[in-house]
Amino acid sequence: MSLSNTSTAYGGLTRFFHWAIALGIAIMVPLGWTAHLWPMQEAAQIATKTTLFSAHKTLGVGLFTIALARIVWALGQTRPVPLHPERRAETLLAETVHWALYAALVIVPLTGWIEHAATEGFAPICWPLGQNLPMVPTAPAVAETFATVHFLSQWLLVGMLALHVTGAIRHAAIDRDATLARMVRGTPGGNPAARTSHAAPAALALLAWVALFGGAAAAGLLGTNATRPAAHLKPAVSDWQIQDGTLAIRVTQMGAQVTGSFADWTAAIAWQPRDTPGPEGDVTVRISVPSLTLGSVSKQALGPDFLAADSFPTATFAATLLRTETGREAQGTLTLKDAEVPITLPFDLTLDGDTARMTGQATLDRRDYAVGTGMTDPGQLAYDVEVLVDLVATRAAR
């Protein structure tokens, strides 16, 4: 059995690639749809959804690798002649579908892979390599754009696949020719002299892709809706006014760190530096919980089983600012979801005239606030949550 094609038959390696990819698509498409539609209100559902998406992504990367190998192999191979060159329209359609499928086998898994690499959190690929991609930033806008391209491309893939399968069934059931036998057993068929041009079907396949993405762009589907929530907290009356700053949290999900931040928060600061240990002032920080963005798990994090943002839209940290023998601390209470828990946040501070730069970090236990109570496995979602503060404030004019 020859591995290479001839002018009338498909070689063993081409047939292997064809059926391996066919099997991969038969698994990947329903697996992806099932993962997308699977609920995620409860811990068990989240675990199942994560497993489904991880399997989908892992198989997708594998399918992408096989597809690339298939295309590279095809570039150096003779393509068997069509069995019915006299049916010009049918032959043109069949060749167009083949070209469109080649493109889909690259575009669909690659865009899904880019979406994954641009997103923090949720459903890792099940091997060490490939969680990140070169030149792909971790950015919600990039993830959203490529998620849309991935979603649209799958429909073109499904459409071309339906035409391809329909044609194969017709050849087997109605024409009773060697089309299917050539791909199953490598049976020769066709007239070696019946050559056709690849230019027209390749151009039509390209036109189909241009129409898909052009129509999506015209409809505004390729833009980003990843906008930050509008602020609803009133500015705080404070001796020190925040000029710039970030209030962030970092969680560990499925062994990977995911960092998010709150777009809307205020701080009322009364602070007077001193040279000896003791109280220097106080601070009250109010946080709009719904303004959190946390990678791909933002919606999940704000849900009723976690931060319950609809029921508890505001969190408050009230603390005394202290200078200690070794540095500075904010000692106070964080109120979140009606739970009040003592918190100590060590911080560094640099003062330049009337401008102060503060950076600090503390670790919370999510269980203290009944966050993710159903997620009892720290391997899925760690108990510790890091709070990261970085701000610049200026002394208010007197």
Side-chain angles (χ1 to χ4, degrees), residues 42-43 229 231-240 242 245-253 258-272 277-294 297-324 326-349 358-376 378 381-391 393:
E42 301 175 359
H232 78 273
L233 296 178
K234 294 181 180 180
V237 178
S238 176
D239 295 345
W240 291 79
I242 304 296
T246 301
L247 178 58
I249 61 172
R250 180 184 296 141
V251 301
T252 301
Q253 183 196 40
V258 185
T259 302
S261 61
F262 296 92
D264 187 15
W265 56 279
T266 66
I269 305 169
W271 177 72
Q272 185 63 43
E280 292 186 318
D282 56 71
V283 60
T284 300
V285 180
R286 298 183 68 237
I287 306 159
S288 171
V289 177
S291 72
L292 174 67
T293 55
L294 190 62
V297 295
S298 297
K299 183 176 180 181
Q300 172 191 349
L302 297 175
D305 292 337
F306 293 87
L307 291 174
D310 289 340
S311 301
F312 303 97
T314 304
T316 303
F317 176 57
T320 299
L321 302 174
L322 297 171
R323 179 160 191 151
T324 68
T326 57
R328 286 185 165 91
E329 295 179 346
Q331 296 181 5
T333 301
L334 175 62
T335 302
L336 173 66
K337 292 181 65 177
D338 281 348
E340 297 182 4
V341 181
I343 296 295
T344 296
L345 187 147
F347 64 92
D348 295 323
L349 187 140
M358 176 266 193
T359 58
Q361 181 173 335
T363 300
L364 314 179
D365 189 324
R366 62 178 174 85
R367 294 172 294 181
D368 292 338
Y369 303 93
V371 172
T373 54
M375 302 289 285
T376 57
L381 181 64
Y383 298 137
D384 287 346
V385 177
E386 295 178 82
V387 177
L388 312 170
V389 185
D390 186 350
L391 62 86

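- Qualifying salt bridge (Lys or Arg N to Asp or Glu O under 4.0 Å) partners for R250, counting only residues two or more places apart in sequence or in other chains: E386.
- Contact between L292 and G260 at its shortest, heavy atoms only, is CD1-C, 4.2 Å.
- Residues R366 and F306 fail the side-chain proximity criterion, which asks for heavy atoms closer than 4.5 Å.
- Atom-to-atom distance recorded for D264:CG and S288:OG is 4.5 Å, nearest 0.5 angstrom.
- Counting all heavy atoms, side chain and backbone alike, V237 lies closest to A268 at O-CB, 3.7 Å.
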> Would L247 and V387 count as a side chain to side chain contact (heavy atoms under 4.5 Å, CB included) if you check the C-alpha gap in whole Å, the side-chain angles of each, and the deciding distance to 0.1 Å?
Replying inline: CA-CA 8 Å; L247 178 58; V387 177; 4.2 Å; yes
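- Residue L381 holds its CG atom at 7.5 Å from CD of Q300, rounded to the nearest 0.5 Å.
- Taking A315 as the reference, I287, V289, L336 meet the side chain to side chain contact (heavy atoms under 4.5 Å, CB included) condition, with sequence neighbours excluded.
- The side-chain heavy atoms of V371 and L307, taken from C-beta on, include a pair separated by under 4.5 Å.
- At a threshold of 4.5 Å between non-hydrogen side-chain atoms, the residues W240 and V283 do not count as touching.
- Y369 contributes atom OH, which lies 4.0 Å from atom CG of L334 (distance to the nearest 0.5 angstrom).
- Considering only heavy atoms from C-beta on, L349 comes within 4.5 Å of W271 through its side chain.
- By the side-chain hydrogen bond (donor to acceptor under 3.5 Å, both in side chains) test, R328 pairs with E280, sequence neighbours left out.
- By the salt bridge (Lys or Arg N to Asp or Glu O under 4.0 Å) test, D384 is found to be paired with no residue, residues two or more places apart in sequence or in another chain being considered.
- Side-chain contact between D310 and L302: absent, with no pair of heavy atoms (C-beta onward) separated by less than 4.5 Å.
- For D239, there are no side-chain hydrogen bond (donor to acceptor under 3.5 Å, both in side chains) partners at least two apart in sequence or on another chain.
- The shortest distance between side-chain heavy atoms of F347 and V389 does not fall below 4.5 Å.
- For D365, the side chain to side chain contact (heavy atoms under 4.5 Å, CB included) partners two or more places apart in sequence, or in a different chain, are R367, D368, Y383.
- In plain terms, the two heavy atoms of A362 and I343 that are nearest each other are CB-CG2, 4.5 Å.
- Listed by chain and residue number, nothing satisfies the salt bridge (Lys or Arg N to Asp or Glu O under 4.0 Å) test with D282 (two or more places apart in sequence, or in another chain).
- With sequence neighbours left out, the ring-ring contact (aromatic ring centres under 6.0 Å, His included) criterion links W265 to no other residue.
- Of all non-hydrogen atoms in P313 and P290, the two that sit nearest each other are O-CD, 3.2 Å.
- Listed by chain and residue number, A308, K337, D338 satisfy the side chain to side chain contact (heavy atoms under 4.5 Å, CB included) test with F312 (two or more places apart in sequence, or in another chain).
- Taking 4.5 Å as the limit, some side-chain heavy atom of I249 sits within range of a side-chain heavy atom of F262.
- Atom CG of residue L322 and atom OG1 of residue T324 lie 8.0 Å apart, to the nearest 0.5 angstrom.
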>> Before you tell me yes or no, could you show the steps for S261 and T293 under side chain to side chain contact (heavy atoms under 4.5 Å, CB included), namely the whole-Å CA-CA distance, both residues' side-chain angles and the distance that decides it to 0.1 Å?
In response: CA-CA 6 Å; S261 61; T293 55; 4.2 Å; yes
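- Separating the CD atom in Q331 from the CG atom in L345 is a distance of 10.5 Å, to the nearest 0.5 Å.
- Among residues two or more places apart in sequence or in another chain, the side chain to side chain contact (heavy atoms under 4.5 Å, CB included) test is passed with T376 by none.
- Here CG of D348 is found 4.5 Å from OG1 of T359. Values are rounded to the nearest 0.5 Å.
- Not counting sequence neighbours, E340 has no partner by the side-chain hydrogen bond (donor to acceptor under 3.5 Å, both in side chains) test.
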